[in-house]
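Just so you know, these numbers come straight off a predicted model, no measurement behind them. Order of listing sets the numbers, starting from 1, for every ligand and every atom in it.
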Amino acid sequence: MWRGLWTLVARAARGPRRSCTRQGSGAPAPGSGATIFALSSGQGRCGIAVIRTSGPASGHALRSLTAPRDLPPARSACLRLLSHPRSGEPLDRALVLWFPGPQSFTGEDCAEFHVHGGPAVVSGVLQALGSVPGLRPAEAGEFTRRAFAHGKLSLTEVEGLADLIHAETEAQRRQALRQLDGELGHLCHGWAKTLTKALAHVEAYIDFGEDDNLEEGVLERADSQVRELELALSAHLRDARRGQRLRSGAHVVVAGPANAGKSSLVNLLSRKPVSIVSPEPGTTRDVLEIPVDLAGFPALLSDTAGLREGVGPVEQEGVRRARERLEQADLILAVLDASDLASPSSRNFLDTVVAPAGAESPNESSQRLLLVLNKSDLLPPGGPDPSPNLPPYLLLSCLTGEGLDDLLEALRKELAEVCGDPSTGPPLLTRARHQHHLQGCLDALGHYRQTKDLALAAEALRLARGHLGRITGGGSTEEVLDIIFRDFCVGK
Ligand SMILES: Nc1nc2c(ncn2[C@@H]2O[C@H](COP(=O)(O)OP(=O)(O)OP(=O)(O)O)[C@@H](O)[C@H]2O)c(=O)[nH]1
Ligand SMILES: [K+]
Ligand SMILES: [Mg+2]
């Protein structure tokens with residue numbers, strides 16, 4: 001409703017029928033004078049709710065609700081009675097904070113009201129703020145957008161903030177915090193600085209090339225700087241898929257012969273009875289997907305039909321889907337019944353799925369696989385039958401839970417490889433946007449190397465630098481900003 005209302009206001013502000021379609025998110029360019037307000041904590045009954053405002057009328061709003069008191073000292077919490085500016089009706093006894101710009105989250109004058117979290121209090125205070133002249137409800141992401149426009153956050157930091165709000169696993173939180181701290185941005189700034197230096201050398205050569213005063217080897221130095229940068233960018237691009245997996249979850253596919261206990265394992269890992277478990281082989285026929293937190297990493301866990309031949313058409317389709325899903329997996333959890341390793345279905349699975357994955361050298365692109373021998377509770381004390389060509393495995397009993405800790409530890413290691421480890425590795429590229437501009441930069445550097453014309457070479461360097469700048473937000477178009485800020489909720 002607010003969004004719709006504001007679109008009308010924005011359209012009116014732009015003048016009559018400049019466009020019939022909605023332009024961007026409708027959020028006005030900061031500095032347009034409006035003061036915005038919104039509930040910034042979650043919806044619903046809670047102990048304390050935080051309502052905030054940003055814009056030039058924030059001080060006036062704070063005074064209107066706390067009259068006859070003056071503004072509290074900057075950045076310290078004060079207890080105040082809030083009342084409606086028109087009717088004078090008391091609304092709540094609340095902590096209020098005053099953040100005069102530019103030392104505030106958005107860079108503008110901001111006020112915060114920490115009120116009791118009952119729905120009637122919250123709606124009463126919001127209504128009171130709406131009655132103050134110059135105030136209007138905020139659009140989704142508008143606070144953050146103003147912070148970006150006032151140079152308080154770079155675009156990668158904005159993305160980090162969005163990811164932090166949405167982070168569901170530990171690894172996601174760590175990654176988001178690092179990005180919010182500006183690590184990726186600093187890296188890009190460093191690279192852009194290198195390019196500026198190289199560009200200065202090329203331009204100096206263009207201007208003074210014939211001049212004897214120019215020191216020797218200026219162009220060679222620019223070339224080697226570019227070469228080094230190309231290597232660094234390529235290394236980061238090779239890593240690019242990892243950051244995106246960390247944001248959206250790695251694809252972990254549970255596969256194996258019928259009745260090995262695949263669904264039992266999916267239920268155990270997701271701590272929910274999502275899949276039907278039964279002694280009847282062929283119970284699972286479709287691919288079942290569930291998002292889970294696996295050892296601190298986000299994963300999309302897929303249960304699949306048992307791989308076997310000679311079954312009816314429905315199960316056959318299930319087996320086809322299972323194989324298709326296996327091909328897309330970032331990590332395969334291969335499950336076998338430990339007490340049934342010699343059966344034809346087990347042997348076949350080992351030969352056709354497990355062996356090929358193990359045979360490939362473990363490089364970036366090869367599929368990773370963990371072999372789990374389930375139903376260890378059925379084994380005699382000596383363990384599984386010594387089998388000549390059994391690859392490394394983990395023993396597990398879904399029934400007793402024995403071996404689960406070891407499996408989780410192995411999963412953590414594998415997923416840190418698949419997603420990148422946000423506690424140690426280099427800053428990750430978490431969005432396709434980052435990858436796109438890094439590739440654009442690399443392509444431009446390729447042109448630099450190929451051209452013999454110095455003017456074109458300088459232009460290629462400028463283009464490359466432009467791509468790096470756009471990662472952190474320089475010269476971003478409205479459309480790009482709209483897509484990024486759409487991730488936020490109202491009040492952020
Ligand atoms: N003893 C023992 N039985 C298990 C264990 N894990 C699963 N089972 C049993 O094995 C049978 C098959 O389990 P499911 O989880 O349905 O196996 P599945 O691989 O999903 O089977 P399909 O979907 O039919 O391919 C069930 O009766 C489970 O209770 C285990 O660790 N120990
Ligand atoms: K079954
Ligand atoms: Mg099953």
Side-chain angles (χ1 to χ4, degrees), residues 251-292 294-295 299-329 331-354 357 369-385 387 390-411:
H251 289 265
V252 179
V253 176
V254 180
N259 250 6
K262 300 177 294 298
S263 301
S264 306
L265 179 58
V266 166
N267 292 350
L268 189 66
L269 289 176
S270 60
R271 296 179 287 264
K272 268 187 255 166
V274 282
S275 254
I276 301 175
V277 167
S278 94
E280 194 181 315
T283 305
T284 307
R285 296 185 165 195
D286 222 331
V287 176
L288 207 139
E289 272 183 349
I290 169 158
V292 290
L294 272 187
L300 197 63
L301 193 59
S302 300
D303 189 10
T304 60
L307 300 178
R308 58 174 185 163
E309 312 288 330
V311 291
V314 177
E315 203 179 330
Q316 236 170 53
E317 174 60 17
V319 170
R320 191 193 65 76
R321 289 181 188 198
R323 292 193 190 283
E324 192 177 76
R325 194 49 67 101
L326 264 178
E327 279 168 23
Q328 302 159 358
L331 171 64
I332 299 171
L333 266 180
V335 186
L336 284 172
D337 180 338
S339 66
D340 185 42
L341 294 178
S343 71
S345 61
S346 293
R347 300 273 13 134
N348 188 32
F349 182 73
L350 280 168
D351 291 343
T352 58
V353 177
V354 179
L369 181 143
L370 276 178
L371 177 59
V372 178
L373 303 188
N374 183 36
K375 309 196 188 183
S376 62
D377 54 289
L378 297 182
L379 291 176
D385 285 340
S387 169
L390 202 57
Y393 58 82
L394 289 147
L395 274 179
L396 175 76
S397 168
C398 288
L399 190 71
T400 65
E402 184 152 9
L404 180 60
D405 287 345
D406 289 345
L407 174 60
L408 285 175
E409 180 51 27
L411 276 168

Quiz item: Between Asp377 and ligand 1, which part of the residue brings a heavy atom under 4.0 Å of the ligand: side chain, backbone, both or neither?
Solution: side chain
Quiz item: Can you tell which of Ile290, Val266, Asn267 makes a side chain to side chain contact (heavy atoms under 4.5 Å, CB included) with Lys272?
Solution: Ile290
Quiz item: Between the candidates Ala305, Ser264, Ala258, which shows the shortest non-hydrogen contact distance to atom 15 (O) of ligand 1?
Solution: Ser264
Quiz item: Are Thr283 and Ser263 close enough that some pair of their side-chain heavy atoms sits under 4.5 Å apart?
Solution: no
Practice problem: Return the minimal non-hydrogen interatomic distance between Ser275 and Asp303, and the atom names on each side. | Solution: OG-OD2, 2.6 Å
Quiz item: Should Glu280 be listed as contacting ligand 1, given a heavy-atom distance under 4.0 Å as the test?
Solution: yes
Quiz item: Who's closest to atom 27 (O) of ligand 1 heavy-atom-wise, of Pro279, Pro257, Gly256?
Solution: Pro279
Quiz item: For ligand 1, which part of Ser278 has a heavy atom less than 4.0 Å away: the side chain, the backbone, both, or neither?
Solution: backbone
Exercise. Mind reading off the angle at the K ion (ligand 2) between the O atom of Ser278 and the OG1 atom of Thr283, rounded to 10°?
Key: 90°
Exercise. With atom 6 (N) of ligand 1 as the reference point, say which of Leu399, Val266, Asn374 has the nearest heavy atom.
Key: Asn374
Quiz item: Checking only N/O/S atoms, does Ser263 have one that is under 2.8 Å from the Mg ion (ligand 3)?
Solution: yes
Exercise. Indicate if the distance from the Mg ion (ligand 3) to the nearest N, O or S atom of Thr284 falls below 2.8 Å.
Key: yes
Quiz item: From the K ion (ligand 2) out to just under 3.4 Å, does an N/O/S atom of Thr284 turn up?
Solution: no
Practice problem: Measure the distance from atom 25 (O) of ligand 1 to every protein heavy atom, then report the residue, atom name and distance (to 0.1 Å) of the closest one. | Solution: Lys262 NZ, 2.8 Å
Self-check item: Lys375 to Asn259 - nearest heavy-atom pair and separation
Solution: NZ-O, 2.9 Å
Exercise. Between Thr400 and ligand 1, find which residue part has any heavy-atom pair under 4.0 Å and reply side chain, backbone, both or neither.
Key: neither
Quiz item: Which atoms form the tightest heavy-atom contact between Thr304 and Ala255, and what is the distance?
Solution: OG1-CA, 3.7 Å
Quiz item: Where's the contact between Val335 and ligand 1, heavy-atom distance under 4.0 Å: side chain, backbone, both or neither?
Solution: neither
Quiz item: Are Glu324 and Arg321 close enough, and set up right, to give a salt bridge (charged side-chain N to carboxylate O under 4.0 Å, His left out), and what steps lead you there?
Solution: CA-CA 5 Å; Glu324 192 177 76; Arg321 289 181 188 198; over 6 Å; no
Self-check item: Closest approach of Gly282 to Ala258 (non-hydrogen atoms, all atoms of both residues)
Solution: N-CB, 4.1 Å
Quiz item: Which protein heavy atom lies closest to atom 5 (C) of ligand 1, and at what distance to 0.1 Å?
Solution: Lys375 CG, 3.6 Å
Practice problem: Check each atom of ligand 1 against the heavy atoms of Gly306 and keep those under 4.0 Å away; list them by number with element. | Solution: 25 (O)
Exercise. Kindly give the heavy-atom pair with the smallest separation between Leu407 and Leu333, and that separation in Å.
Key: CD1-CD2, 4.2 Å
